[in-house]
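Reckoned from all heavy atoms, side chains included, excluding hydrogens, waters and symmetry mates. Quick caveat: nothing in here was measured; it's all calculated off a predicted structure.
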Amino acid sequence: MAVSSLSLSWVSTTSSNKLNLPHSNDLPRETALSSRNNTITCSRETASSDESHCKRRLLLLKVGALTASLLPARSLLAQEIPANYRAFVDSEDGYSYVYPSEWREFDFRAHDSAFKDKFMQLHNVRVRFIPTDKKDIHDMGPMEEVIYYLVNHVYAAPNQVADIINTQEKTVDGKNYYTIEFQLRSPNFSTVSFATIAIGNGRYYTMIVGANERRWRRYRDRLKVVADSFKVLDI
């Protein structure tokens, strides 16, 4: 079966309904809560009993808003976020993953979300997606052909030599994922990365997390945690 051709017109969306969740040990004792769409105003002239009632309503509203915002993260938080990682949950676009807690968010062209090490620029994770009428990654064709096409014709630039190191398939909550470990060699530098792909919500998702080839052995296991954490959420 021929491998399906993939468009490179990647979709980028706003950052609404995106949550950065730290490991439980990093959570502050007090959390600021806010509601954008609901406002309750307590007048200074309100009687004490009415003022107390108003404050209780405001507290309930804020707690409700926080609970609602965290619901998409329940599947991720069911498994504790690993130490020294933070969780990114995008309930609007339907995906989540964890990343090293010292990494910082940045804009990566045509990607929906991205984080990187502030000192080592090639150490980063990024996620993007495109619309698709396929229901599952198996609909794209045989696994070996799909992975070869992606690594050599999508991930690699024309001046790069690609090597596929390892491949893995898994099923989580009824959704199938491929994780590919691959190396890209350029004239001036070389990188090694994991790519995790999945299909859901009428979208084809790709997460890539990688590092400089010289540091790959040192950081590989840590970056594998990121690759394995990627989940497609129902929206």
>> So, taking the atom named CZ in Phe88 and the one named CE in Met207, what distance separates them when rounded to the nearest 0.5 Å?
In response: 10.5 Å

>> So that I can tick it off, tell me whether Asp117 and Arg215 are bridged by a salt bridge, with the cut-off set at under 4.0 angstrom between side-chain N and carboxylate O.
In response: no

> Given side chains that start at C-beta, do those of Asp90 and Asp112 come closer than 4.5 Å, heavy atoms only?
Replying inline: yes

>> Parallel, tilted or perpendicular: which one describes the rings of Phe230 and Tyr177, with boundaries at 30° and 60°?
In response: perpendicular

>> Between Thr206 and Ile197, is there a side-chain heavy-atom distance shorter than 4.5 Å?
In response: yes

> About how many Å separate CH2 of Trp103 and CZ of Arg86, when rounded to the nearest 0.5 Å?
Replying inline: 14.0 Å

> Mind checking what makes salt bridge (Lys or Arg N to Asp or Glu O under 4.0 Å) contact with Arg214, not counting sequence neighbours?
Replying inline: none

> Is the closest side-chain heavy-atom distance between Ile147 and Met143 below 4.5 Å?
Replying inline: yes

>> Count I, L, V, M, F, W, Y as connected when their side-chain heavy atoms are under 4.5 Å apart, and connections chain through other members. Are Phe182 and Tyr149 then in the same cluster?
In response: yes

>> Would a single hydrophobic cluster contain both Ile180 and Leu122, if residues Ile, Leu, Val, Met, Phe, Trp and Tyr are joined by side-chain heavy-atom contacts under 4.5 Å?
In response: no

> Do you see a donor-acceptor pair shorter than 3.5 Å between the side chains of Ser113 and Tyr97?
Replying inline: yes

> What are the two closest non-hydrogen atoms of Ala198 and Asn176, and how far apart are they?
Replying inline: CB-O, 3.7 Å

>> For Lys170, give me all partners under salt bridge (Lys or Arg N to Asp or Glu O under 4.0 Å), at least two apart in sequence or on another chain.
In response: none

> Under 4.5 Å between side-chain heavy atoms, hopping through other hydrophobics if needed: is there a path connecting Ile130 to Ile137?
Replying inline: yes

>> Please give me the minimum heavy-atom distance between Ser96 and Leu233, naming the atom from each residue.
In response: OG-CD2, 4.0 Å

> With sequence neighbours excluded, what pairs up with Arg220 under the salt bridge (Lys or Arg N to Asp or Glu O under 4.0 Å) test?
Replying inline: Glu181

Tabulate below the donor-acceptor pairs under 3.5 Å that side-chain atoms of residues 154-169 make, not counting sequence neighbours, or state none.
{"from": "Gln160", "atom 1": "OE1", "to": "Ala157", "atom 2": "N", "distance (Å)": "2.8"}
{"from": "Gln160", "atom 1": "NE2", "to": "Ser186", "atom 2": "OG", "distance (Å)": "3.0"}
{"from": "Asp163", "atom 1": "OD2", "to": "Arg185", "atom 2": "NH1", "distance (Å)": "2.1"}
{"from": "Gln168", "atom 1": "OE1", "to": "Lys224", "atom 2": "NZ", "distance (Å)": "3.0"}
{"from": "Glu169", "atom 1": "OE2", "to": "His138", "atom 2": "NE2", "distance (Å)": "2.5"}

> What is the distance from atom CG of Asn212 to atom OG of Ser190, rounded to the nearest 0.5 Å?
Replying inline: 7.5 Å

> Can you find a heavy atom in the side chain of Thr191 that is under 4.5 Å from one in the side chain of Glu213?
Replying inline: no

> Just checking, any donor-acceptor pair under 3.5 angstrom between side chains of Asn84 and Ser101?
Replying inline: no

> Looking at CE of Met120 and OH of Tyr219, how far apart are the two atoms once the value is rounded to the nearest 0.5 Å?
Replying inline: 3.5 Å

>> Salt bridge check, Arg203 against Asp93: does any charged N sit closer than 4.0 Å to a carboxylate O?
In response: yes

>> Show the nearest heavy-atom pair for residues Ile235 and Gly94, with the distance to one decimal.
In response: CG2-CA, 3.5 Å

> Yes or no on salt bridge (charged side-chain N to carboxylate O under 4.0 Å, His left out) for Asp107 and Arg126, after CA distance, side-chain angles and deciding distance?
Replying inline: CA-CA 9 Å; Asp107 291 329; Arg126 63 264 192 195; over 6 Å; no

> Pairs in or reaching into residues 95-104: which pass salt bridge (Lys or Arg N to Asp or Glu O under 4.0 Å), with residues at least two apart or in two chains?
Replying inline: Glu102-Arg222

>> Checking Val172 against Lys231 for the side-chain contact (heavy atoms from CB on, under 4.5 Å) test, could you report, in this order, the C-alpha distance in whole Å, the side-chain angles of both residues, the deciding distance, and whether it holds?
In response: CA-CA 8 Å; Val172 180; Lys231 299 291 186 299; 3.6 Å; yes

>> If the condition is side-chain contact (heavy atoms from CB on, under 4.5 Å), which residues does Ala227 pass it with, not counting sequence neighbours?
In response: Thr179, Phe194, Thr196, Val209

> Which heavy atom of Val225 sits nearest a heavy atom of Tyr85, and at what distance?
Replying inline: CB-OH, 3.5 Å

> With side chains defined as the heavy atoms from C-beta onward, is the minimum distance between Arg128 and Phe108 less than 4.5 Å?
Replying inline: no

> Does some side-chain heavy atom of Asn201 sit less than 4.5 Å from a side-chain heavy atom of Phe129?
Replying inline: no

> So Ile208 and Val125, side-chain contact (heavy atoms from CB on, under 4.5 Å) or not? Walk me through it.
Replying inline: CA-CA 6 Å; Ile208 295 180; Val125 59; over 6 Å; no

> With a 4.5 Å limit on heavy-atom distance, are the side chains of Lys134 and Met140 in contact?
Replying inline: yes

